[in-house]
Amino acid sequence: MTIQKKPAAEPLLAWYDRHHRDLPWRISPAMAKRGVKPDPYHIWLSEVMLQQTTVAAVKAYFAKFVGQWPTVADLAAAPSEDVMVAWAGLGYYARARNLKKCAEAVAFEHGGRFPETEEGLKSLPGIGDYTSAAVAAIAFNRNAAVMDGNVERVISRLYAIDAPLPGSKPAMKARVAAMTPDDRPGDFAQAMMDLGATICTPKRPACALCPFNDVCMALESDDPERFPVKAAKKEKPVRLGAAFIAVDTDGHLLLRRRPESGLLGGMTEVPTTAWTSRVDGETGVEAAPFAAGWQACGTVTHVFTHFELRLGVYRAQVSRGDVGAVHGFWAPVTNLDGEALPTAMKKAIAAAIPTAFSTPKG
DNA sequence: CATTCGTGGGA
DNA sequence: TTCCCAAGAAT
């Protein structure tokens with residue numbers, strides 16, 4: 001039995017300096033050398049967007065938000081509606097609602113500055129264990145143990161942790177805390193995440209290129225892909241429903257706002273039946289917002305995190321004066337990009353009005 | 001502690 | 001095609 005050498009921060013930081021990734025919210029080593037500090041607003045915004053979301057998907061949204069709202073004060077002053085429209089398509093819409101609340105708290109209760117401690121940050125809406133540590137470390141150079149999915153994978157492999165997630169999380173966080181250096185804690189956190197994203201990947205990790213390949217117990221065990229061990233996941237149920245695309249004689253589409261909480265909370269939708277109320281083979285037309293010449297336009301499928309949705313889509317040309325009072329509002333079909341439409345709704349609208357969006361999802 | 005929250009891209 | 005899942009938080 002060989003003595004396991006202890007993983008240390010220095011080799012990782014050296015690797016990080018050689019493989020810096022140029023991301024819009026990140027300060028390059030050259031800039032850092034000149035004393036440029038990261039903008040806490042940028043770090044916070046990017047970290048919230050990056051929650052369960054890929055770097056590739058975040059880049060365009062980050063640019064849009066910073067362009068539209070250059071400071072946290074600007075975001076705090078923005079109409080919530082505008083924030084939801086800007087966030088549409090990125091998913092997990094509670095993040096957008098909490099983003100706005102957090103900006104307001106920072107602007108109006110903290111004098112426009114983010115708290116610099118984990119504890120202070122974590123008290124804000126939408127900031128939990130991960131984001132509070134990440135912002136404290138990256139934006140404020142605080143020694144905080146930053147653990148996301150990447151770090152979990154790296155740590156579970158370094159120490160060949162057999163206990164399944166999420167139960168093993170506290171033990172893994174203790175390992176991270178022990179490794180985090182007082183010098184450059186933010187760079188260490190980003191280095192761990194970069195390592196997980198580019199080298200210590202879920203499948204086929206590039207162990208030959210890893211700065212930890214001399215101390216990794218998973219590599220020594222010859223099956224690094226086995227880690228991290230996770231609890232088995234359950235299957236996704238299917239929910240059925242029907243969506244109704246009503247267009248008036250002036251080319252306006254009937255939309256309505258979803259409740260503020262829950263699935264797609266605060267986002268815009270077309271009228272639909274309750275999801276699961278429709279049995280396959282039924283039209284669902286009896287649940288239309290009003291009687292009209294509803295024509296079937298096929299079915300769209302959208303996969304959410306915990307269920308699959310199949311919506312039968314129906315279209316009708318209506319005269320607004322004939323349908324009476326409806327629960328909702330009418331928006332020009334030519335300006336749907338100005339609405340907070342989640343992807344599932346864009347799919348349904350596109351099935352009925354193929355020209356509504358430049359791409360299927362807008 | 002388990003569940004509820006989107007989406008799109010890559011293997 | 002199907003599966004996996006990506007810089008998680010709130011309840």
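Just so it is clear, the model here is predicted, and its values are computed rather than measured. To find a chain, count down the sequence lines: A is the first, B the second, and so on, and within it residues start at 1.
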For [X], report the nucleic acid contact type (base, sugar-phosphate, nothing); a contact means any heavy atom under 4.0 Å.
| X | answer |
| --- | --- |
| K236(A) | nothing |
| G265(A) | nothing |
| S46(A) | nothing |
| L23(A) | base |
| R97(A) | nothing |
| V303(A) | base |
| L90(A) | base |
| P342(A) | sugar-phosphate |

Can you tell me the distance, in whole Å, between the NE2 atom of H306(A) and the P atom of dT3(B)?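 My rounded result for the distance is 11 Å.
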Spacing of the P atoms in dG6(B) and dT11(C) (rounded, Å):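 The answer is 14 Å between these two P atoms.
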Kindly indicate whether the side chain of T53(A) and the base of dG6(B) share any N or O donor-acceptor pair separated by less than 3.5 Å?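 Side chain to base: pair present.
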Between the base of dG6(B) and the side chain of Y92(A), is one N or O donor paired with an acceptor at under 3.5 angstrom?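 It does, because a donor-acceptor pair links the side chain of Y92(A) to the base of dG6(B) below 3.5 Å.
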Give me the ring orientation class for F62(A) and W25(A): parallel if the planes are under 30° apart, tilted from 30 to 60°, perpendicular past 60°.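 Plane angle over 60°, so perpendicular.
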Would you call the rings of W44(A) and F114(A) parallel, tilted or perpendicular, taking 30° and 60° as the class edges?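 Tilted, since the angle between the ring planes falls between 30° and 60°.
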Before you tell me yes or no, could you show the steps for V58(A) and V55(A) under side-chain contact (heavy atoms from CB on, under 4.5 Å), namely the whole-Å CA-CA distance, both residues' side-chain angles and the distance that decides it to 0.1 Å? CA-CA 5 Å; V58(A) 163; V55(A) 167; 5.8 Å; no
Do E47(A) and Y130(A) pair up side chain to side chain, a donor and an acceptor below 3.5 Å, judged on atom types alone?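 Per modelled atom types, E47(A) and Y130(A) side chains form a pair under 3.5 Å.
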Is it true that R26(A) and D194(A) have a side-chain N and a carboxylate O under 4.0 angstrom from each other?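 Salt bridge flag = yes for D194(A) with R26(A).
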Salt bridge E308(A)-K236(A), side-chain N to carboxylate O under 4.0 Å: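 Result for this pair is no, no salt bridge flagged.
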For the backbone of H327(A) and the side chain of R256(A), can you confirm whether one donor and one acceptor N or O come within less than 3.5 Å of each other?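 Checking the backbone N and O of H327(A) against the side chain of R256(A), no donor-acceptor pair under 3.5 Å is found.
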For the side chain of R157(A) and the backbone of C216(A), is there at least one donor-acceptor N/O pair under 3.5 Å apart?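 Side chain of R157(A) to backbone of C216(A), a donor-acceptor pair under 3.5 Å: no, none is there.
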In residues 65-73 of chain A, which residues come under 4.0 Å of DNA chain C by heavy atom?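 The stretch gives none, as no residue of it lies under 4.0 Å from the strand.
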Any idea which of dT3(B), dG6(B), dA9(C) is nearest the L264(A) side chain?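 Selected nucleotide (nearest to the side chain): dG6(B).
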Mind listing the N/O atom pairs, protein and nucleotides 9-11 of chain B, below 3.5 Å?
none

Look at H302(A) and dG6(B) and indicate whether a side-chain polar atom (N or O) is within less than 4.0 Å of OP1 or OP2.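 Answer no for this pair, as no side-chain N or O of H302(A) is under 4.0 Å from OP1 or OP2.
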List the residues meeting salt bridge (charged side-chain N to carboxylate O under 4.0 Å, His left out) with E81(A), not counting sequence neighbours, and say none if there are none.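 Partners of E81(A) under the salt bridge (charged side-chain N to carboxylate O under 4.0 Å, His left out) test: R257(A).
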